[in-house]
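Structure first, then comments.
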Number of protein chains: 2
Amino acid sequence: MVDRSSGVPIHRQIAAALRERIITGEYAPGSKLPSEQQLIEAYGVSRGTVREAVQVLEVDGIVLVEHGRGVFVRPSANIVRLARSRLSRAARAKNEGAFLADAKAQGFAPSSSVRVRFEHADERAAGLLAIQPGDEVTVRDRVMRANGLVVQLAVSRLPREFTRGTAIEQVDTGPGGAYARLEEAGHHIGRYGEDVGARMPTTEERSQLQLPPGTPVLTITRIAYREDGTPLEMNDMTLPADRYRLGYEWAAE
Amino acid sequence: MVDRSSGVPIHRQIAAALRERIITGEYAPGSKLPSEQQLIEAYGVSRGTVREAVQVLEVDGIVLVEHGRGVFVRPSANIVRLARSRLSRAARAKNEGAFLADAKAQGFAPSSSVRVRFEHADERAAGLLAIQPGDEVTVRDRVMRANGLVVQLAVSRLPREFTRGTAIEQVDTGPGGAYARLEEAGHHIGRYGEDVGARMPTTEERSQLQLPPGTPVLTITRIAYREDGTPLEMNDMTLPADRYRLGYEWAAE
DNA sequence: AAGTGGTCTAGACCACTAG
DNA sequence: TAGTGGTCTAGACCACTTT
């Protein structure tokens, strides 16, 4: 079963063999792999070696290891497509923020909890919001859920001068969300910019988003600009990469 | 140094301690962490335990482990921002394709190698290109390099009816790239759409892109539409997530 | 209680890198 | 050659899940 003289580490050979069986469907999505004890006997190796093999598959995001239950072929998650064009006045007019608009369009049961705080802008925030480091910003920290599951983290920062006296400084921003309040205050949004990247989650994010090992997160920094080009808001969003794809579209010229 | 009764696994405690020293800068980017032997003595644990601790940091993408050399704090890679708006006729007029335009704007020395082949459309390609499964498509397989390093993989597919008799079926598409040839053939591009996601790389991608463990890839599927809405090209791109961020911008309405 | 994976130890030998 | 990480073994005890 294993070639001990090939130079290829045994645990890699075992991982490759298991991967093969998963790809061919012999081990179907959701099904249980042989236990460590069974693999030890099947391949005639020590426990440490089979654990290394399984770990390779876990890091690659192919299997899920559950303490006390076993190792399972990871079922492919439902992919949600977020069309960024939905960030429209039309949706706000229907009493919905960007997240609600996106989620409902996908058939979710969305909910979110918010914490509001105030802080002094760091270098990055100041740069993106075109203010001075140390200037006061209103921070809205949101945890968004769909069907009870945490699916998105968002930290929104606005120069406090734009939020003072508005519902943006409250937990409940009212109908249409923060963007609607900004427009009521005379700050009409002219453009959006988004900056998209991906990285491995921090340990904290991994537990908040209930991410299995081997799952990256998408990070989006969205900046909303007033019609005169002044930045009104920056929003740092974190999404599990196995559940989201982002859609963008633009005219050729 | 470690609390053996806290319930927190020792290797996690060690990983947390090392992470802390990295974040505070005590171990600067690029610098060497203590060797396994030193960690064994410092924390009074077995080798397996310190190796587990280091592995946590490696999977999190915080350190790089080099056989025979040591463990190093991963230097933050230079982030390249790709502004999708650069995909313009203006750039093509200057004799550059999308990748060259992007790369030069960032001060790269770009190069790329291409392989052309023909295949029959699978379900996904047929759906995205609005053709029938089995219809012939022209496939351009590109490996893009910057300063010699592989930085991007791209697989472009076009319905063959649009490429027959054009330089798109050659390795060298000529000045302005494939899009310029399409326009010459009367297929004027009206819109672009991109679909962005992230995942862990396959083993093959990891070696092609020389990715360290713990680095995800960004996947972009771009579709170019003719002015009448007909899909002309789909392009599956794979980029190392530690080196790229994608920029998008659009008007509020 | 039985079966599963999680953690830890102690020791061995090998492969790669550097001086 | 010395030091580093890579692989593998054998055994122990623990924590979680299921019956």
Side-chain angles (χ1 to χ4, degrees), chain A residues 1-18 27 30-60 62-74 203 206-207 210 212-214, chain B residues 1-18 27 30-60 62-74 203 206-207 210 212-214:
Chain A
M1 219 59 179
V2 294
D3 182 350
R4 296 187 99 99
S5 63
S6 69
V8 180
I10 296 174
H11 70 264
R12 297 225 164 249
Q13 295 182 39
I14 298 176
L18 294 174
Y27 299 139
S31 69
K32 192 160 165 293
L33 259 58
S35 70
E36 292 181 353
Q37 192 53 46
Q38 290 170 322
L39 292 174
I40 288 168
E41 286 157 16
Y43 291 99
V45 297
S46 73
R47 189 171 172 220
T49 303
V50 307
R51 280 181 64 79
E52 275 178 297
V54 170
Q55 194 171 245
V56 168
L57 301 180
E58 189 189 18
V59 168
D60 280 5
I62 295 174
V63 301
L64 284 178
V65 182
E66 294 184 46
H67 190 178
R69 297 224 312 137
V71 181
F72 300 86
V73 180
R74 181 186 267 177
T203 309
R206 186 143 40 211
S207 73
Q210 297 170 275
Chain B
M1 218 63 179
V2 293
D3 182 350
R4 296 186 100 97
S5 63
S6 68
V8 179
I10 296 174
H11 70 265
R12 296 223 163 254
Q13 295 182 40
I14 297 176
L18 293 175
Y27 299 139
S31 68
K32 193 160 165 293
L33 260 59
S35 72
E36 292 180 352
Q37 192 51 47
Q38 290 171 322
L39 290 173
I40 288 168
E41 286 158 15
Y43 291 100
V45 297
S46 74
R47 187 167 172 223
T49 303
V50 307
R51 279 182 63 80
E52 276 179 297
V54 170
Q55 193 171 244
V56 168
L57 301 180
E58 190 189 17
V59 169
D60 280 5
I62 295 175
V63 301
L64 284 178
V65 182
E66 294 184 47
H67 191 177
R69 297 225 309 139
V71 181
F72 300 85
V73 179
R74 181 182 271 182
T203 309
R206 185 141 43 207
S207 71
Q210 296 170 276

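First the proteins, then the strands, lettered A, B, ... as listed; each starts at 1. Quick caveat, the model's predicted, so the values are computed rather than measured.
- You'll find the side chain of A/Val50 stays beyond 4.5 Å of the side chain of A/His11, heavy atoms only.
- With rounding to the nearest 0.5 angstrom, the CD1 atom of B/Ile40 is 6.5 Å from the CZ atom of B/Arg47.
- Taking only side-chain nitrogens and oxygens, B/Thr49 never comes nearer than 4.0 Å to OP1 or OP2 of C/dT7.
- With the 3.5 Å cutoff on both pairing distances, Watson-Crick and G-U pairs in DNA chain C assemble into runs of at least 3 at C:1-18 with D:1-18.
- Protein atom CD of A/Glu52 is 15 Å distant from nucleotide atom C1' of C/dC8, rounded to whole Å.
- Partners of A/Ser46 under the side-chain contact (heavy atoms from CB on, under 4.5 Å) rule, at least two apart in sequence or in another chain, are A/Thr49.
- Applying the side-chain contact (heavy atoms from CB on, under 4.5 Å) test to A/Val54 and every residue at least two apart in sequence or in another chain returns A/Leu39, A/Val65, A/Val71.
- In this view, B/Ile62 and B/Arg19, B/Ile22, B/Leu57, B/Asp60 satisfy the side-chain contact (heavy atoms from CB on, under 4.5 Å) rule, not counting sequence neighbours.
- Considering only residues two or more places apart in sequence or on other chains, B/Gln13 meets the side chain to side chain donor-acceptor pair (under 3.5 Å) condition with B/Ser6.
- The stretch residues 34-45 of chain A touches DNA chain C through A/Ser35, A/Glu36, each having a heavy atom under 4.0 angstrom from the strand.
- A/Val54 comes within contact range of no nucleotide atom at all, as no heavy-atom separation falls under 4.0 Å.
- One atom, CG of B/Leu33, and another, C1' of D/dG3, lie 16 Å apart when rounded to the nearest Å.
- Regarding A/Arg51, its CZ atom lies at a distance of 8 Å from the C1' atom of C/dT7, rounded to whole Å.
- If you take CD1 on B/Ile14 and OH on B/Tyr43, they are separated by 6.0 Å, rounding to the nearest 0.5 Å.
- By the salt bridge (Lys or Arg N to Asp or Glu O under 4.0 Å) test, A/Arg51 is found to be paired with A/Glu36, residues two or more places apart in sequence or in another chain being considered.
- With sequence neighbours left out, the side-chain contact (heavy atoms from CB on, under 4.5 Å) criterion links A/Ser5 to A/Asp3.
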Which letter, B, S or -, goes with each nucleotide of nucleotides 11-19 of chain D from 5' to 3', with contact meaning a protein heavy atom under 4.0 Å? -B--BBSS-
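- At a non-hydrogen distance threshold of 4.0 Å, A/Arg4, A/Pro9, A/Ile10, A/His11 from residues 4-15 of chain A come into contact with DNA chain D.
- The salt bridge (Lys or Arg N to Asp or Glu O under 4.0 Å) search around B/Arg69 returns B/Glu66, not counting sequence neighbours.
- To the nearest 0.5 Å, the span separating CG on B/Leu64 from CD on B/Glu58 amounts to 7.5 Å.
- Toward the 5' end of DNA chain D, the nearer of the two residues B/Glu58 and A/Gly48, judged by each one's closest nucleotide, is B/Glu58.
- Applying the salt bridge (Lys or Arg N to Asp or Glu O under 4.0 Å) test to B/Glu41 and every residue at least two apart in sequence or in another chain returns nothing.
- Considering CG of A/Leu18 and OH of A/Tyr27, their distance stands at 6.0 Å, rounded to 0.5 Å.
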